[in-house]
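Each remark here refers to the structure printed beneath this line.
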Amino acid sequence: MIETLIAQERKIVTAIPGPNSQALHKRRLSAVSGGVGATLPVYIEAAHGAILIDADGNQIIDLGAGIGVMSIGHTNEQVVAAVQEQVAKLTHTLFALTPYENYVEVCEFLNRYTPGAFKKKSALFNSGAEAVENAVKIARKATRKNGIVVFDHAYHGRTNLTFSMNFKSAPYGNGFGPTAASIQHVPMSYPFRDPEGMTGPEAAQRAITYIEKRVGVEDLAAIVIEPIQGEGGFLVPAPGFLKTLSDWAHANGVIVVADEVQCGIARTGKWFASEWEEGFEPDLFTIAKGIAGGMPISAVTGRAEIMDASHPGGLGGTFGGNPVSAAAAVAVLKQIEYGGVNERAMQIEAILSARLNAMKAKYPVVGDVRGRGAMMAIEFVEPGTRNPNKPAVDAVVKHAHSNAVLVLTAGTYYNVIRFLPPLAITDELLHEALDVIEEGISKL
Ligand SMILES: *Cc1c(COP(=O)(O)O)cnc(C)c1O
């Protein structure tokens, strides 16, 4: 049905953006706040699998999945059916007033599949930033402490609290008023840029020393860390970094929050990226992007006693855990549970890893290839150095976009191209998109 409407193939029928997109963009510029960005102003009308169709009929290969949201694929049949069925039955009550079953079902799924062999509970919200905000509230309430430690290159959102937790002030926080108090930034493990040979435990010790000297543990409620950093450029910490940190935290009564908003939900070939590091034991997880096929919903899941520390009425919100979004989440989670989704992420890793490493061997502008599953990136440098090469990234991205391949950038130095395809992408489409990327690199 939907498949036959949108063939999984790239098609260029006009310049990109074409005339219809350009006309829409003109309307947008006069109607929409200039504070909202525009990476590629082609206006999308429909999508399926890994193909986006724009207002001019171009078919674009999607390597970004709306920043890792559409992992299950655009217009996944089971998600569409679940949403259609739910929307005709019930769209809102407010769970804290009169509850409904699928909110509970999403929580049961998350309690079961987040790592950690202990009793867990969950609460649902609307966005990743809202989940992070609530994890911080919950950790503070449970510990009766205030301090929050975050890491260099981190990204946690655009609300007042979460922009204060980001590494980069620009563009997320600068000029938007006072930052939140009691947030401390400490060094991350960044194998490509750390001193040669620095191990994970050594990088963790560097962070711990910083925490002990600069922050102190007396008032430290939680450390919040992305097990694989997203916006920071898909930094995979050196082995042992996360375990050493969580061991230290637990020895000191500090809660460990894994921000899995981007790397969670089958993106890296496991339910949660935290599972890749043995001995890493987060107490709380924040979950959002890939969970509901694009419907807005997020969660905090974790140790029952921590999740229950908040008084009744302290957590929640009008729309949090909306029944339509929850129905979509159940449809996604059931497919992962059924099997094949994590496996697909690993097949995508095999293709990405082979192709990107071949590019690294051939083109000295490609300094590093890293990531896990369907979450991989290449970092561009000036050949023969580690100096960030943003102009090279800009040129490759421009080439990709004008050839109907949507690809995203990342990184503190804006010198990383990240690959976050829908897991529904076919091998053929992925290779075709990578051919376009390689062509862009070869033209530098
Ligand atoms: C995207 C993201 C957020 C913020 O999520 P929103 O839904 O945009 O508020 C938080 N943490 C991480 C790791 C993210 O990638």
Side-chain angles (χ1 to χ4, degrees), residues 35-37 39 64-71 114 123-139 148-168 171-173 176 180 183 185 188 190 222-237 242 256-268 272-274 276 280 282 284-302 317 319-322 325 328-329 332 371-377 408-412 416 418-420:
V36 181
T39 298
I67 314 200
V69 168
M70 301 309 302
S71 299
T114 42
L124 304 182
F125 307 97
N126 302 289
S127 68
E130 214 187 330
V132 173
E133 289 243 355
N134 278 279
V136 168
K137 275 171 65 176
I138 292 165
I148 300 294
V149 157
V150 291
F151 289 81
D152 292 350
H153 313 293
Y155 179 80
H156 299 291
R158 281 185 166 86
T159 58
N160 198 153
L161 174 62
T162 55
F163 81 55
S164 310
M165 296 167 69
N166 294 342
F167 180 59
K168 284 198 287 198
Y172 312 117
F176 290 124
I183 310 290
H185 299 254
M188 179 63 184
Y190 191 159
I223 63 178
V224 181
I225 187 161
E226 299 157 84
I228 298 178
Q229 288 184 327
E231 305 304 300
F234 290 10
L235 302 191
V236 183
L242 295 170
V256 178
V257 181
D259 183 351
E260 292 244 15
V261 166
Q262 191 158 155
C263 59
I265 310 286
R267 175 50 60 184
T268 67
F272 293 93
S274 297
W276 284 108
F280 176 49
L284 299 180
F285 298 84
T286 54
I287 299 156
K289 290 191 166 97
I291 190 177
M295 297 298 289
I297 189 168
S298 67
V300 181
T301 296
F319 294 116
N322 169 275
S325 295
V332 169
R372 289 193 196 280
M375 183 174 185
M376 297 201 69
L408 307 176
T409 60
T412 293
V416 174
R418 57 173 148 177
F419 299 91
L420 281 172

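Only this structure's heavy atoms are used, side chains among them; waters, hydrogens and symmetry mates stay out. Order of appearance sets the numbers: ligands from 1, and atoms from 1 within every ligand.
- Screening Ile297, Leu124, Thr114 for a side chain to side chain contact (heavy atoms under 4.5 Å, CB included) involving Ile287 leaves a single residue, Thr114.
- Contact atoms of ligand 1 toward Tyr155: 1 (C), 2 (C), 3 (C), 11 (N), 12 (C), 13 (C), 14 (C) (distance under 4.0 Å to a heavy atom of the residue).
- Looking at Lys289 next to ligand 1, an N or O pair under 3.5 Å apart turns up.
- Looking at atom 10 (C) of ligand 1, its nearest protein heavy atom turns out to be His156 O, 3.3 Å.
- Taking a cut-off of under 4.0 Å to the non-hydrogen atoms of Glu226, the atoms of ligand 1 that pass are 13 (C).
- Between Asp259 and ligand 1, an N or O atom pair is found at a separation short of 3.5 Å.
- Put simply, atom 7 (O) of ligand 1 has protein non-hydrogen atoms near it, under 4.0 Å away.
- The protein atom (non-hydrogen) at minimum distance from atom 5 (O) of ligand 1 is Gly128 CA, 3.2 Å.
- Here Glu231 pairs with Arg418 under the salt bridge (charged side-chain N to carboxylate O under 4.0 Å, His left out) rule; sequence neighbours left out.
- Between Ile228 and Leu235 there is no side-chain heavy-atom pair separated by less than 4.5 Å.
- Close N/O approach between Gln262 and ligand 1 is found [any backbone or side-chain N/O within under 3.5 Å].
- Between atom 4 (C) of ligand 1 and the options Ala129, Ser127, Cys263, the minimum heavy-atom separation is to Ala129.
- Ring to ring, Phe234 and Phe419 are not that close: their centroids are 6.0 angstrom or more apart.
- Of the possible donor and acceptor atoms, one in the side chain of Glu260 sits under 3.5 Å from a partner among the backbone N and O of Ser274.
- Donor-acceptor pairing under 3.5 Å is lacking for the side chains of His185 and Asp152.
- Among residues at least two apart or in separate chains, side chain to side chain donor-acceptor pair (under 3.5 Å) pairs with a member in residues 287-301 are Ser122-Thr301.
- At under 3.5 Å, not a single nitrogen or oxygen of Val261, backbone or side chain, sits near a nitrogen or oxygen of ligand 1.
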